[in-house]
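Let me begin by presenting the structure, written as structure tokens, before commenting on it.
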Number of protein chains: 2
Amino acid sequence: MDKPTKPRSTRIQREKRELILEAALEVFAQHGFRGATIDQIAEAAGMSKPNLLYYFKSKEAIFVTLIDRLMEAWLAPLREMDADGDPVTEIRSYIRRKIEMARDFPRESRLFANEILQGAPRILPLLEGELKELVDEKAEIIREWIRQGRLKKTDPHHFIFAIWATTQHYADFDVQVRAVLGPDKGGEGRFEDAATFLEGLFLG
Amino acid sequence: MDKPTKPRSTRIQREKRELILEAALEVFAQHGFRGATIDQIAEAAGMSKPNLLYYFKSKEAIFVTLIDRLMEAWLAPLREMDADGDPVTEIRSYIRRKIEMARDFPRESRLFANEILQGAPRILPLLEGELKELVDEKAEIIREWIRQGRLKKTDPHHFIFAIWATTQHYADFDVQVRAVLGPDKGGEGRFEDAATFLEGLFLG
DNA sequence: TTAACGTTTGTCCAAACGGTCAAAAATTGC
DNA sequence: GCAATTTTTGACCGTTTGGACAAACGTTAA
């Protein structure tokens, strides 16, 4: 009986696939799934369309690969929230991490937002499963902190939603934020200002 | 010299255009501009594609009409914030109105979110003009309230952003919110819960 | 050198798309 | 009732799109 030899991927394959994913992230984040074309992605990756399709069998396959990777990184900050830590410190760190992600990975944030806006057709099971479990678990921690009188009383679920909404807002609605803040206050310092503000809002 | 007789629109024209806009709102909100097709909109409006194009000269024209109308309704709640009112009451009312809009007009919210996500290609001037002016004006009011010691100290601009982000979250990320809350807590009461939570967050 | 394998490209296709147009059908005003 | 006008439709067109495919190209190892 032959071992079903896993088709070992070469160095070139890994590099090209990485190149394609990077280009696709750019294009998908700006135009959404339907709005993006394989040609656009191929051009951004510096290769021809058939060549791209040699590495990914379809546009959908690229998108799914991107989203799968994204979800890992997306849940990480919340996972790090530690029941044994100091509540204020833990929450402050969580907010910081989320704002840093909005600043450093806005394309990922927009990709995710796009998927949810369309009704999360590809990740609904994950939201109802893994994500819900994670949030429920952390909500229970927050509830415990409140019970111990170490945190102001609030609804833990809506508390988490509010942190998501406000932090991701600076990535997803960046155009609007910059437009409203104007050229003077819309510089790169806006993320630091946002972080400071949000700490005050959620912990003040 | 002839009066440039405005082509008076008939009753049928007004009704059909309304029907189309309603259908288009549904389709655009779900699939975005590029993702939506004229055929889809026509079918949702119960008419043939050429017939739809008799009332709107292009897909773009439908979208622009929709967005123009939307912006009016969108700015209204913030406009109502009254410098002469009680700060806490004014802000509470503003949050209430925004949550009600997320509950009653989620499609409009998603349409707007979609446009911003794509970089606001059609409404950027409006954001940099009318919206910025409005926000600056209201920010000044909030600043004055703080100066008078009638409101906790915060950055007015980010304060407004936070209200936008949290309230619209319940429309734009509705799928995720429902997935995380689950069948029991995800019922229609979630908007009321959200409103209560947000009042506490922003005014507590 | 050459056979085997991995990579790249030009060409092609069928479906979907936004939009046009002339003609038919329905409505309206007299 | 009838002519003028508005509304609706089927057929059609050019373009874009996702994807297939075979042939060409490059690389490696015997």
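A, B, ... follow the sequence lines: proteins, then strands. Residue 1 opens every chain.
Closest to the side chain of Y54(B), from the set dT7(D), dT7(C), dC21(C), is dT7(D). Each of dT9(C), dG19(C), dG19(D) was ranked by its minimum atom distance to the side chain of I38(B); first place goes to dG19(C). Distance from the side chain of R34(A) is smallest to dC17(C) among dC17(C), dT9(C), dT17(D). Considering only side-chain atoms of T37(A), the nucleotide from dT9(D), dG18(D), dT9(C) that sits closest is dG18(D). Proximity note for Y55(A) (side chain, C-beta onward) versus dT7(C), dG18(C), dT9(D): the nearest is dT7(C). Among dG10(D), dG18(C), dG19(D), the nucleotide with an atom closest to any side-chain atom of P50(B) is dG10(D).
Side-chain contact between I20(A) and M47(A) is present, with at least one heavy-atom pair separated by less than 4.5 Å.
Proximity of the aromatic rings of Y170(B) and H158(A) is defined here by a centroid distance below 6.0 angstrom, and this criterion is met.
An OP1 or OP2 oxygen of dG6(C) is reached within less than 4.0 angstrom by no side-chain nitrogen or oxygen of K16(A). OP1 or OP2 of dT9(D) sits under 4.0 Å from a side-chain N or O of N51(B). Look at Q13(B) and you won't find any side-chain N or O under 4.0 angstrom from OP1 or OP2 of dT6(D). At dT8(C), none of the side-chain N or O atoms of S48(A) fall inside 4.0 Å of OP1 or OP2 (strictly under the cut-off).
Protein atom CG of D39(B) is 17 Å distant from nucleotide atom P of dT17(D), rounded to whole Å. As rounded to whole Å, 15 Å separates atom P of dA16(C) from atom NE2 of H31(B). Atom CD1 of I62(B) is separated from atom C1' of dG18(C) by 11 Å (rounded to the nearest Å). The separation between I41(A) atom CD1 and dT17(D) atom C1' is 12 Å, rounded to whole Å. If you take CG of L19(B) and C1' of dT8(D), they are 14 Å apart, rounded to a whole angstrom. Atom NZ of K59(A) and atom P of dG19(D) are 8 Å apart (whole Å). As a whole-Å value, the separation of E43(A) CD from dT17(D) P is 12 Å. Rounding to whole angstrom units, CG of residue L53(A) and P of dG18(D) are separated by 9 Å.
Both K57(A) and G35(A) lie near DNA chain D, and the one whose nearest nucleotide falls closer to the 5' end is G35(A).
Ring orientation note: the planes of F202(B) and F159(B) are nearly perpendicular, at an angle over 60° on the 30°/60° scale.
Taking all atoms of both residues into account, the shortest heavy-atom contact from A179(A) to L124(B) is CB-CD1, 4.5 Å.
Across all strands, A36(B) comes closer than 4.0 Å only to sugar-phosphate atoms, never to a base (heavy-atom distances).
Looking at F28(A), F112(A), F56(A) one by one, the single match for ring-ring contact (aromatic ring centres under 6.0 Å, His included) with F63(A) turns out to be F28(A). Partner D136(B) forms a side-chain contact (heavy atoms from CB on, under 4.5 Å) with one of E133(B), K132(B), K138(B), E140(B) and no other, that one being K132(B).
Residue K49(B) places a side-chain atom within donor-acceptor reach of the base of dG18(C), judged by atom type and a 3.5 Å distance cut-off alone.
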